[in-house]
Amino acid sequence: MMRIYIRRQRILTLCAATMLPLLLHAQIEDVRAAFDSQHLVAYLVAAFLVSIFMMLFYNRVYYFREKEVSANTERLNAQLAMILESSKTQTWTFDVNRKLFTRFSEHGLKETTYIPFDFSQFYDREDFNALRKIILDISNWESRFGSLTMKSSADKEADGKPHIYNVTVSILRYDQRNKPTVLLGTQQDITEDQQKAENTRELALMYHTVFNTSLIDMIYFDANGVLQEINDKACESLMVKDKQALIDSKFKLTDLPALKDFDFNTLDKIFCSAYTKVEDIKRPLGEIEEGQKGFYYEENVTTIHDHEGKLSGVVMACKNITEMVLSQHRQRAAARQLQDTTKAIEAYIQNINYSLKVSDVRLINYNPTTHVLEVSSDLKRVQYCLTQVRALSIIKHEMRRKARGLLTRMDNRKPGVISATLETLMRDSLGRQIFLNFNLMPITGKEGEVTHYFGMCRNETEMTYTEMQLQEESAKAQETEQLKNSFLLNMSYELRTPLNAVIGFAGLYNGEHSEEDEPVFAEEIKKNTSTLLQLINDILFLSRLDAHMIEHNYQLGDFALLFEAWCYMGWANVSPNVKTIVESPYNQLMVNIDQQNLEMVIQKICTITALHTTEGTIRAKYEYRHGELTITIEDTSPGLPAEALSKIFERFAHDENVERQGTGLDMPIVKELIEQMNGTIELQSEVGKGNSFFISIPCEMASFDKKAEII
């Protein structure tokens with residue numbers, strides 16, 4: 001402040017020195033001459049300079065004053081922070097208009113702003129609601145001061161334990177209308193004081209209970225655990241007639257079974273309830289009633305220590321709670337019995353509901369008075385209420401007349417059971433129309449009149465369709481049996497034909513014959529024997545196919561090379577007048593296929609085409625597209641009529657007008673093998689235009705090398 005004063009004196013002296021020559025000049029000059037234009041300019045310049053000096057002066061004065069005030073404020077804040085920290089006091093403010101809390105830290109008074117919800121997380125919910133009420137009362141000017149004790153939230157404290165604060169709320173700032181705008185809250189941590197007070201209160205209450213009540217059994221033991229004093233209530237509970245005799249017997253605390261394992265030198269308080277058997281007590285307490293085996297005893301044991309922390313005695317506050325425990329046992333037994341009964345009833349209802357759900361059964365109740373059909377799947381509630389029009393609308397048209405007749409019978413309250421199975425327009429998850437079976441019986445009143453009809457509605461869709469499927473399967477089984485009989489009949493015929501030829505030509509050797517005929521007999525016997533052997537092999541292989549005993553071994557191979565070899569092996573006995581062609585678009589095609597069985601398929605088809613084609617061309621080709629191997633074998637044979645084409649894959653079935661070559665089982669074997677490889681086969685034939693076999697086999701391709709041009 002002294003420096004500011006000296007600077008101000010210097011500035012005033014400078015201003016006076018600047019103005020003094022002007023004043024002297026004005027006295028010497030003429031007054032009129034002093035106010036000419038030149039002098040006025042000089043005056044204005046002097047006034048401007050004085051203004052600049054004054055502004056600089058006040059600026060520096062304001063700067064130094066603000067700096068001094070800030071230093072004093074920081075010093076006072078530091079002192080206040082030390083005071084608050086030493087007294088375990090925290091402060092916060094509440095802006096009434098903005099509804100914001102501002103909390104100050106203990107060190108440096110750092111401000112943190114919270115909305116009411118975030119600020120409430122620091123305290124117990126009920127305590128914060130009480131604080132909000134005090135703040136509201138002060139904000140509404142209903143009171144000017146408020147205080148309460150609050151418990152903090154454990155997770156907001158550094159030690160993770162809830163603290164107790166004594167909170168005081170007062171008015172910090174007013175507005176122009178003398179209305180509170182900012183409230184000041186101070187909270188002092190009284191956790192330790194509160195804990196000490198609580199311990200003192202508990203200790204005083206305990207000792208007051210020990211020494212001043214007669215409703216509790218009081219027993220005192222010394223530091224060695226020897227009985228020193230017992231009140232009359234305890235003697236009554238323990239059936240002790242001579243209290244002094246019990247004291248003289250040096251009864252010890254450890255003689256009680258429930259307390260024999262505790263070390264009272266390290267424990268402050270024990271609370272336990274135990275069932276004590278009389279036979280387990282080392283020293284009998286008194287005369288025991290006949291039939292009494294033990295008693296329930298509640299024991300509150302407190303150790304007493306001197307100022308040095310040494311054990312000086314043990315006080316027991318006890319109570320015989322045998323009657324209370326037995327009463328609770330009876331109540332619990334009754335409650336358990338009631339609970340078990342309730343659970344049994346609920347389980348019974350749940351079992352019925354579960355049975356209704358599992359069996360897809362609904363309960364039906366029809367009231368002839370209201371003409372309403374109630375449907376439910378639960379004993380506790382009705383699921384649907386259907387009028388007659390609504391009920392008839394879900395029935396199939398062909399059965400609505402029958403359903404209307406059943407409703408009319410119930411409307412007329414006819415006796416007798418109502419039973420019918422109706423097809424509805426509803427469909428199940430599989431898209432099948434639902435069949436419902438209704439069984440209702442009349443319920444009569446006191447006078448025997450029919451009041452309503454009650455029964456069940458069962459979904460018989462599965463059963464109905466099963467019966468229909470059984471009928472279809474029965475028809476198929478009969479057809480299969482006929483086919484089986486026909487197959488056996490044909491098989492026996494096919495086997496007898498070459499066998500009779502062998503027997504016939506063999507018998508000619510025993511009769512009169514020419515030696516020139518013997519080679520013919522031998523050739524016929526050899527031919528028919530070969531046919532018979534091939535027939536038996538095909539029958540056995542077909543049987544293995546039917547039993548799914550054929551193994552399918554998939555392996556990687558070059559189909560371009562294999563296909564050409566298989567085709568020419570099948571064409572081994574082709575006529576010289578027939579030209580065979582294999583078209584292969586690949587130089588190499590590595591695919592994963594069942595080579596053994598696919599070889600049999602291609603060779604049999606090529607053998608059949610070679611047998612039926614006497615002139616012309618037999619062409620075989622293949623292609624791989626989209627995971628499928630497509631094989632085409634075409635010939636210029638006479639072809640098959642439509643009747644024979646439809647039976648080409650049947651066993652031993654052939655047209656009498658068409659000459660058959662082979663055993664008659666080649667095409668059925670081919671078809672079954674291809675289907676077991678998840679493939680398909682198709683034959684297109686027309687009389688005079690030859691046959692075309694189309695085979696599709698799914699497989700995986702590993703690599704390929706395609707030809708640039710097919711020749």
Q) Cation-pi between Arg103 and Phe122: NZ/CZ under 6.0 Å from ring centre and within 45° of the ring axis? A) yes
Q: Would you please say whether a donor-acceptor pair under 3.5 Å links the side chains of Gln188 and Asn166?
A: no
Q: Output the distance between atom CD1 (Ile134) and atom OG (Ser170), rounded to the nearest 0.5 Å.
A: 11.5 Å
Q) Ring centroid separation for Trp92 and Phe119, is it under 6.0 angstrom? A) yes
**Q.** Modelled atom types, side-chain donor and acceptor of Asp175 and Thr181, under 3.5 Å
**A.** no
Q | Partner residues of Phe128 under the ring pair (Phe, Tyr, Trp, His ring centres under 6.0 Å) criterion, sequence neighbours left out | A | none
Q: May I ask you to decide if the ring planes of Tyr453 and Tyr366 are parallel, tilted or perpendicular, using 30° and 60° as cut-offs?
A: tilted
Q.
Tell me if the CE atom of Met441 is crowded by more than 12 foreign heavy atoms within 6.0 Å.
A. no
Q | Chi angles and distances behind the side chain to side chain donor-acceptor pair (under 3.5 Å) call for Asp428, Thr461 | A | CA-CA 9 Å; Asp428 60 5; Thr461 305; 5.3 Å; no
Q: Examine the side chains of Asn367 and His452 and answer whether a donor and an acceptor come within less than 3.5 Å of each other.
A: no
Q) Are Asn439 and Ser419 close enough that a side-chain donor and a side-chain acceptor fall under 3.5 Å? A) yes
Q: Please determine which of Asp189, Asp127, Thr191 meets the side-chain contact (heavy atoms from CB on, under 4.5 Å) test together with Ile164.
A: Thr191
(Q) Could you work out, with salt bridge (Lys or Arg N to Asp or Glu O under 4.0 Å) as the rule, every residue matching Glu700, not counting sequence neighbours? (A) none
Q. Does the side chain of Glu460 come under 3.5 Å of the side chain of Tyr465 through a donor N or O and an acceptor N or O?
A. no
Please list every donor-acceptor pair under 3.5 Å in which a side-chain atom of residues 331-344 meets a protein atom from a residue at least two apart or in another chain.
unit_1: Thr341; atom_1: OG1; unit_2: Gln337; atom_2: O; d: 2.8
unit_1: Thr342; atom_1: OG1; unit_2: Leu338; atom_2: O; d: 2.8

Q.
Are more than 12 heavy atoms, taken from residues, nucleotides or ligands other than Glu126, located less than 6.0 Å from that residue's CD atom?
A. no
Q: Report, as yes or no, whether the 6.0 Å neighbourhood of atom CZ on Arg132 holds more than 12 heavy atoms from other residues, nucleotides or ligands.
A: no
